[in-house]
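We're numbering straight along the sequence, starting at 1.
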Amino acid sequence: MPDETVADETARRPIALITGGSRGIGAATARALAPDWDVVVTYRVAAGEAAAVVDGCRALGAAAWALPCDVADPDQVEPLFARVDELGTLGAVVNNAGVVPPPGRVADYDAARLDRLLAVNVRGAFLVAGAAVRRMATSAGGAGGVIVNLSSRAAVHGSPGEYVDYAASKAAVDALTTGLGGEVARDGIRVVGVRPGLIETDIHAPGRLERMGPALPMGRPGTAEEVAGAIAWLVSPAASYVTATSVDVGGGR
Ligand code: NAP
């Protein structure tokens, strides 16, 4: 694969693979896991930001790598996992890469908008989860592991007037968590979801955080680190009986 940022040759500990780890919740998750895991972050275009996340993980004691992968491109997902196989043993996958479309009403959506959104948020999440299962399932000789799917509180409240299609894509992610969790529960794999509320990252249109934050029950948006803390717990042995379910990190919304 091109553009790999590598100083470490192989992992010393189980690897946590985080898609979309160049910024936002993915980058915070990489830093939260670095004390206990070796880390692979992926990015689509932001190679420089991903390299900085890798440097931060190494400073926390992890072996770490940044690898390019557009999760919407089926031809890039399996090569990503093949490269991770060369680095070490996969123990956790955080299905984090995701996009939001511009605000709009359902009556105004076109097919191109829907295809791109679903290709990243749904098809990408399924392809990544499937590749993880093929490696981690004990029935296939794997050592088990954890898959964390990033959903959204939007899956519950539907985002009327903003992006119902995004909310629907995250409801599909919730179904992936529930269904796959049951499918692989006896294969040593836990599948869990996280539904963040409004979180301070670059994903939002300008002004949205400032407009909506004060009206939330806690009077503020959440931070990427507050979501990463839940993910760190979910991948840890402390959550060993938690599967096929999702945790809300929504500040009461
Ligand atoms: P963000 O700051 O916009 O970061 C998105 C990350 O995903 C970036 O690393 C980006 O990489 C990557 N990415 C985007 N499209 C990709 C693709 N096709 N293939 C691979 N990587 C891709 O977003 P965030 O706020 O941290 O959100 C992370 C996840 O949490 C998403 O699934 C989002 O839907 C969910 N979420 C966020 C919020 C919130 O309020 N922030 C709330 C609920 C749920 P590049 O920089 O290289 O493009």
Side-chain angles (χ1 to χ4, degrees), residues 18-29 42-46 49 70-73 94-129 148-179 192-231 234 245-253:
I18 301 153
T19 66
S22 59
R23 54 197 160 87
I25 292 168
T29 300
T42 77
Y43 60 93
R44 186 179 53 90
V45 291
E49 290 173 77
D70 182 341
V71 299
D73 181 351
V94 182
N95 227 335
N96 170 77
V99 290
V100 294
R105 300 174 71 85
V106 172
D108 299 321
Y109 300 167
D110 61 18
R113 168 187 169 120
L114 294 167
D115 285 350
R116 179 62 190 166
L117 175 72
L118 297 174
V120 178
N121 289 9
V122 180
R123 194 178 69 191
F126 270 80
L127 292 174
V128 166
V148 181
N149 296 321
L150 264 292
S151 174
S152 171
R153 285 291 298 158
V156 178
H157 61 64
S159 298
E162 266 202 310
Y163 22 64
V164 175
D165 49 355
Y166 171 80
S169 77
K170 292 304 187 179
V173 168
D174 282 352
L176 170 63
T177 297
T178 309
V192 290
V194 175
R195 281 190 290 254
L198 187 75
I199 307 300
E200 284 175 9
T201 73
D202 297 341
I203 205 168
H204 301 284
R208 185 170 187 260
L209 289 166
E210 294 75 9
R211 188 176 73 250
M212 295 179 64
L216 297 175
M218 293 180 74
R220 65 168 178 87
T223 66
E225 287 70 26
E226 288 173 311
V227 180
I231 295 170
L234 284 166
T245 193
S246 298
V247 173
D248 290 331
V249 186
R253 180 175 186 238

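- The two residues P196 and L150 have their closest heavy-atom pair at CG-CD1, 3.8 Å.
- With rounding to the nearest 0.5 Å, the separation of CG in L176 from CG in N95 is 7.0 Å.
- Rounding to the nearest 0.5 angstrom, the gap separating the CD atom in E225 from the CD1 atom in I25 is 10.0 Å.
- Using a 4.5 Å cut-off on side-chain heavy atoms (C-beta onward), V99 and L117 make contact.
- One N or O on the side chain of Y109 and one on the backbone of V164 form a donor-acceptor pair closer than 3.5 Å.
- The distance from the NE2 atom of H204 to the CE atom of M212 is 8.5 Å, given to the nearest 0.5 Å.
- Here the closest heavy-atom approach between residue S246 and residue T177 is recorded as OG-CG2, 4.0 Å.
- Nearest heavy atom pair, residue L118 against residue S169, reads CD2-CB, 4.0 Å.
- Remark: S159 OG to Y166 OH distance equals 7.5 Å, nearest 0.5 Å.
- In plain terms, the two heavy atoms of I199 and V249 that are nearest each other are CD1-O, 4.2 Å.
- Between V247 and V192 there is no side-chain heavy-atom pair separated by less than 4.5 Å.
- For the pair N96/T29, no side-chain contact is recorded, criterion being any heavy-atom separation below 4.5 Å from C-beta on.
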Considering only distance and modelled atom types, tabulate donor-acceptor pairs under 3.5 Å from the side chains of residues 213-220, sequence neighbours left out.
from, atom 1, to, atom 2, distance (Å)
R220, NH1, E226, OE1, 3.1
R220, NH2, E226, OE2, 2.8

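- Smallest separation of non-hydrogen atoms from G24 and T201: CA-CG2, 3.9 Å.
- Listed by chain and residue number, nothing satisfies the side-chain hydrogen bond (donor to acceptor under 3.5 Å, both in side chains) test with R116 (two or more places apart in sequence, or in another chain).
- Between P101 and D165 there is a side-chain heavy-atom pair separated by less than 4.5 Å.
- Across all their heavy atoms, A97 and T19 have their closest contact at N-OG1, 3.0 Å.
- Between the CG atom of L127 and the CG atom of D73 there is a distance of 9.5 Å, given to the nearest 0.5 Å.
- The shortest distance between side-chain heavy atoms of E162 and V100 does not fall below 4.5 Å.
- A salt bridge links D248 to R195: at least one charged side-chain nitrogen sits closer than 4.0 Å to a carboxylate oxygen.
- For R253 (side chain) and L198 (main-chain N/O), no donor-acceptor pair under 3.5 Å exists by modelled atom type.
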